[in-house]
Amino acid sequence: MLKSVIPRPWICSRCIRRQLPSRIRRNHVQAVPPTPLEDAVALGFKAARGQVATDTTTPGSQHDDKTLGQIFDSPGFWREYSQSSKSGHRAGLFQNRYLTSPQGFEQFANTSLERAKRVVAKILAASKPEEYQHVVKDLERLSDLLCRIIDLSDFVRATHPDPRINHAATRAYAKMYEYMNVLNTTTGLARQLDIAIKTAGSAWGEEERLVAGILKRDFAKSAVDLPQVDKEKFIQLSQDISEVGSEFVENMESAQPFIQFKSSSLYGMDPMLVKEFTRWGQVTIPAIGEASHAALHTVYDEQVRKQIFSAGRTASKSSLRRLHSMLSKRAELAKLSRFQSYAHMSLEDKMAKTPEAVNGFLQELSKDNRPRVESCLADILAAKRAYTKKPDSVLQPWDKEFYMSQVLSSVPSRLRNADFLSSYFSLGRVMQGLSRLFTRLYGIRFVPRENMPGETWNSDVRTLDIISETDGHVAVLYCDLFARPGKSPNPAHFTIRCSRRIRDGEIQEAAAIADPLFDSAEQAANDGMALARTPNGVMQLPVIALICNFATNPGSKTPSLLSFNEVTTLFHEMGHAIHSILGRTNFQEVSGTRCATDFAELPSIIMEHFAADPSVLSLFARHYETDQPLPVEMIAEKLALDKKFESVDTEHQLILSLLDQACHSQLALNPSFNTTEIFHSLQRQHGVMPPDPAGTCGEGFFGHLFGYGGSYYSYLFDRVLAERIWQQVFSGGREGGGLARGNGERFKDEVLKWGGARDPWKCLAGVLRDERVENGGEKAMQLVGSWGAERRRRDRLEGKGSKL
Ligand SMILES: *[C@@H]1O[C@H](CO)[C@@H](O)[C@H](O)[C@H]1NC(C)=O
Ligand SMILES: *[C@@H]1O[C@H](CO)[C@@H](O)[C@H](O)[C@H]1NC(C)=O
Ligand SMILES: *[C@@H]1O[C@H](CO)[C@@H](O)[C@H](O)[C@H]1NC(C)=O
Ligand SMILES: [Zn+2]
């Protein structure tokens with residue numbers, strides 16, 4: 001249970017992948033005039049033609065839709081709209097009644113702690129059958145009480161601009177954390193759970209049994225069953241791993257941090273960038289970072305690229321030492337906990353279950369991918385031979401980026417005008433588009449709401465109530481989307497409070513205390529935060545915060561305009577949000593995104609398909625000045641360029657996934673365990689592209705080995721699943737399949753609404769209507785691998801770009 005309480009670091013591959021090396025970026029952007037809009041509109045729009053752009057059926061929802069666009073696109077409108085939040089009595093952060101001042105955090109923590117202690121006493125005292133009946137519900141409540149503080153304060157301390165509130169949140173967090181350590185040594189909880197499962201388990205529903213299983217596994221993982229001496233060793237190892245792991249990630253460095261050249265050696269690279277790094281005719285480039293990345297794409301001199309490449313792939317001795325130490329300690333920890341390897345331990349609660357299954361998936365995917373990489377390699381090699389005029393030249397590792405850029409920039413495209421697409425994507429329109437899409441698919445929409453005084457952490461934050469046609473108010477979404485100095489550039493989705501059923505006993509308990517801070521016992525039971533009365537009882541509503549960093553145009557009338565990549569990112573993050581919104585479970589342990597981590601990216605990656613679908617785009621993408629619809633073939637062109645070398649990226653991800661598996665296998669117990677040898681041999685075995693040269697050790701820069709620890713394959717896995725579901729359930733967008741309510745309902749009923757409360761393989765078999773995957777296992781993992789990540793990708797979308 002304690003494990004589930006620790007906020008799972010929100011691993012969003014989209015953000016993470018952006019930090020990986022060898023992303024293909026196109027340079028040499030030049031303007032080419034657009035084609036007449038009329039042609040464009042006629043293209044590929046059959047499905048959407050004749051549809052009104054809005055979905056709004058009632059005057060009220062039309063008004064909401066309009067307001068939604070304006071609060072994001074019109075600063076003047078927003079100023080007026082947000083007036084009321086500036087005066088009046090303070091509502092408390094997130095409407096939490098305790099949080100009207102920094103001191104409130106302490107009171108909030110104290111109250112929650114008292115509640116938690118009462119719950120613990122109750123669980124430990126259980127002795128009668130009807131008391132054991134309730135143990136899982138009580139443990140879940142305990143976990144929710146801790147989450148309420150930890151999730152919220154973790155968000156606040158990372159985001160709130162007021163240092164006093166920051167400090168108060170940090171203290172509340174520390175207080176709860178300390179209490180968790182006390183609970184760790186309270187062995188009675190695990191014992192009571194065991195008795196409850198044995199004596200009362202048969203009376204529970206499916207969800208409760210599942211939660212019981214999760215709690216039991218978490219207890220087992222925190223070593224409660226071990227003899228005292230092993231338990232101490234376990235705690236020591238866990239602490240060491242977390243320390244050395246963070247050190248590894250924070251101090252990844254090259255053995256040769258800087259490389260020097262005469263400035264003329266960098267011919268080909270953007271002169272402005274070169275100038276930034278030049279002093280007295282000497283250029284000094286950091287081995288890692290924007291400049292060396294750009295150099296690999298653009299510098300003509302092969303020897304120079306070779307030097308830069310090698311420096312960027314050769315980690316320092318101390319980086320490798322930290323990595324080695326982390327991996328061998330993990331292997332020891334697994335052994336101590338009676339697992340074959342750390343991967344076995346970490347995969348137990350994933351869809352994959354075993355390292356063998358992960359391996360089967362990766363092998364099959366690799367088979368599927370290979371011919372595509374071979375064809376890319378042929379193109380890249382041809383480019384090199386043409387360029388060097390040597391028909392027998394071979395491709396070197398440091399040639400890859402350079403010749404890929406050459407191939408891409410030889411394609412004539414209007415997209416070289418970077419502003420062209422973004423004129424159709426003002427933030428307000430994109431938000432309208434998301435709301436309209438969700439209305440079509442799931443019958444829910446975004447309704448802007450005025451903030452109460454003190455409800456948000458910044459006056460920039462727009463609050464949306466999420467309203468369902470059938471269930472009314474289902475969630476609150478705080479959108480903090482505009483760039484500000486000091487704000488993290490990484491987009492992210494946070495759950496501030498999870499969805500869950502508030503049980504009658506909790507409301508009675510609040511009624512008995514009758515705290516004057518609250519208007520009703522129900523309100524007190526949820527600290528004043530959003531709730532809903534449903535036929536099944538009172539629900540605590542999910543409260544979500546979405547953070548992005550979109551540029552604004554201060555002082556200008558132009559709204560914030562998003563690039564297509566930013567649109568895709570926002571759709572992706574909304575995919576997590578919709579999972580939290582629709583995953584309404586009785587137990588917060590399994591609500592929304594709290595599902596198996598190798599299933600968690602599926603809803604968000606699917607949203608990237610929606611972002612590229614012409615019918616979906618026709619719902620909202622219009623020019624912010626002329627109101628002309630977006631010429632969709634431009635998106636096709638953009639996607640074709642982006643996808644050109646996708647298989648090369650897939651190969652890279654495959655090798656990293658295999659490396660992650662090998663590093664967390666039993667091998668790590670071996671005294672001669674050598675990550676460099678493993679990495680290089682995997683490249684030789686599975687790569688079509690040239691392997692890294694001898695002497696380098698690129699694995700020393702693979703920081704995700706710490707965060708993922710045996711589940712790095714998840715990103716590729718969810719990408720395959722998303723592609724399959726997009727094709728099979730949403731017809732790949734054909735005939736308006738991306739907007740059909742029946743398709744949306746199918747995805748919701750089989751996947752989204754369950755959160756983590758159903759075996760994800762059952763979700764998958766249900767939504768795909770494919771029994772072969774119903775029970776998971778190695779065969780099913782192999783089958784998924786054979787589906788491939790990019791088969792039949794958007795065939796109908798390929799307009800001009802398909803010549804690539
Ligand atoms: C308590 O358990 C959690 C989760 O298993 C763990 O992260 C934490 O380090 C433990 N604390 C102690 C003192 O054992
Ligand atoms: C919270 O509890 C601590 C002791 O546990 C106490 O010293 C402090 O005064 C309490 N704070 C509030 C605001 O109730
Ligand atoms: C690991 O293998 C590489 C390549 O064979 C070698 O250069 C390096 O010295 C080895 N590292 C250790 C610590 O033995
Ligand atoms: Zn994500």
Side-chain angles (χ1 to χ4, degrees), residues 8-19 98-117 149 168 171-172 174-176 178-179 182 255 310 313-325 327-328 490-495 515 517 544 546-548 568-580 592-593 595 597-608 611 662-663 667-668 670-684 691-700 707-708 711 714-719 721-722:
R8 297 174 193 177
W10 190 252
I11 312 170
C12 202
S13 329
R14 195 176 163 77
C15 334
I16 275 167
R17 268 164 46 86
R18 202 165 295 141
Q19 298 153 21
Y98 296 105
L99 305 183
T100 51
S101 68
Q103 298 76 34
F105 277 86
E106 187 169 318
Q107 207 194 340
F108 179 35
N110 279 8
T111 309
S112 304
L113 201 58
E114 278 160 30
R115 287 177 179 166
K117 285 177 181 166
I149 298 283
R171 291 195 26 181
K175 190 168 204 149
M176 275 324 208
E178 201 178 299
Y179 180 60
V182 175
S310 300
R313 289 293 178 114
T314 311
S316 71
K317 286 263 181 316
S318 49
S319 281
L320 291 182
R321 223 174 11 246
R322 289 186 203 106
L323 174 61
H324 191 277
S325 160
L327 297 174
S328 49
N490 293 328
H493 158 274
F494 295 84
T495 310
D515 187 331
L517 205 53
I544 304 156
L546 215 59
I547 308 282
C548 289
T568 309
T569 298
L570 190 54
F571 268 65
H572 177 104
E573 297 304 331
M574 279 295 183
H576 292 306
I578 197 74
H579 203 191
S580 294
T593 53
C595 57
T597 47
D598 53 358
F599 199 55
E601 291 293 329
L602 169 64
S604 51
I605 298 177
I606 280 252
M607 284 297 287
E608 299 182 22
C663 284
L667 291 176
N670 194 322
S672 65
F673 173 62
N674 184 321
T675 51
T676 307
E677 274 170 14
I678 293 175
F679 187 37
H680 287 188
S681 98
L682 286 171
Q683 289 187 0
R684 282 192 302 270
D692 287 357
T696 60
C697 43
E699 81 279 9
Y708 279 88
S711 60
S714 301
Y715 173 72
L716 285 173
F717 184 66
D718 285 352
R719 221 174 82 193
L721 297 183

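In this chain, numbering begins with 1 at the start of the sequence shown. What you are looking at is a predicted structure, and each value in this text was computed from that prediction instead of being measured. Every number for a ligand or one of its atoms is a count from 1 in the order of the listing.
- Between the side chains of His493 and Glu573, no donor N or O sits under 3.5 Å from an acceptor N or O.
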Measure and list all N/O to N/O distances between ligand 3 and the protein that fall under 3.5 angstrom.
{"residue": "ligand 3", "atom": "2 (O)", "partner": "Asn674", "partner atom": "OD1", "Å": "3.2"}
{"residue": "ligand 3", "atom": "2 (O)", "partner": "Asn674", "partner atom": "ND2", "Å": "2.3"}
{"residue": "ligand 3", "atom": "2 (O)", "partner": "Glu677", "partner atom": "OE2", "Å": "3.4"}
{"residue": "ligand 3", "atom": "5 (O)", "partner": "Glu677", "partner atom": "OE2", "Å": "3.3"}
{"residue": "ligand 3", "atom": "11 (N)", "partner": "Asn674", "partner atom": "ND2", "Å": "3.0"}

Given Leu716 and Arg719, is the side-chain contact (heavy atoms from CB on, under 4.5 Å) satisfied, shown in steps? CA-CA 5 Å; Leu716 285 173; Arg719 221 174 82 193; 4.1 Å; yes
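- Among the atoms of Asn110, some N or O lies under 3.5 angstrom from an N or O of ligand 2.
- Of all the heavy atoms in Ala315 and Cys697, the pair that sits closest is N-SG, 3.4 Å.
- With rounding to the nearest 0.5 Å, the separation of CZ in Arg322 from OG in Ser316 is 6.5 Å.
- Note that CG of Leu517 is 7.5 Å distant from OG1 of Thr100, once rounded to the nearest 0.5 Å.
- Contact check for Ile605 versus Leu721: no side-chain heavy atoms found under the 4.5 Å cut-off.
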Dump the intermediate steps for side-chain contact (heavy atoms from CB on, under 4.5 Å) on His576 and Thr495, then the final yes or no. CA-CA 10 Å; His576 292 306; Thr495 310; over 6 Å; no
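- For the ligand labelled ligand 2, residue Lys175 lies inside the 4.0 Å heavy-atom shell.
- Judged by distance alone, with hydrogens and angles left aside, the side-chain atoms of Gln683 form a donor-acceptor pair with the main-chain N or O of Asp692 at under 3.5 Å.
- The N, O or S atom of His572 with the smallest distance to the Zn ion (ligand 4) is NE2.
- Between the Zn ion (ligand 4) and His493 there is no N/O/S contact shorter than 2.8 Å.
- Because the distance cut-off is set at 2.8 Å, Glu601 qualifies as a neighbour of the Zn ion (ligand 4) through one of its N, O or S atoms.
- In terms of the ring-ring contact (aromatic ring centres under 6.0 Å, His included) criterion, residue partners of Tyr98 (sequence neighbours excluded) are, by chain and number, Phe108, Phe518.
- For ligand 2, the polar-atom distance check finds no N/O of Gln107 at less than 3.5 Å from any of the ligand's N/O atoms.
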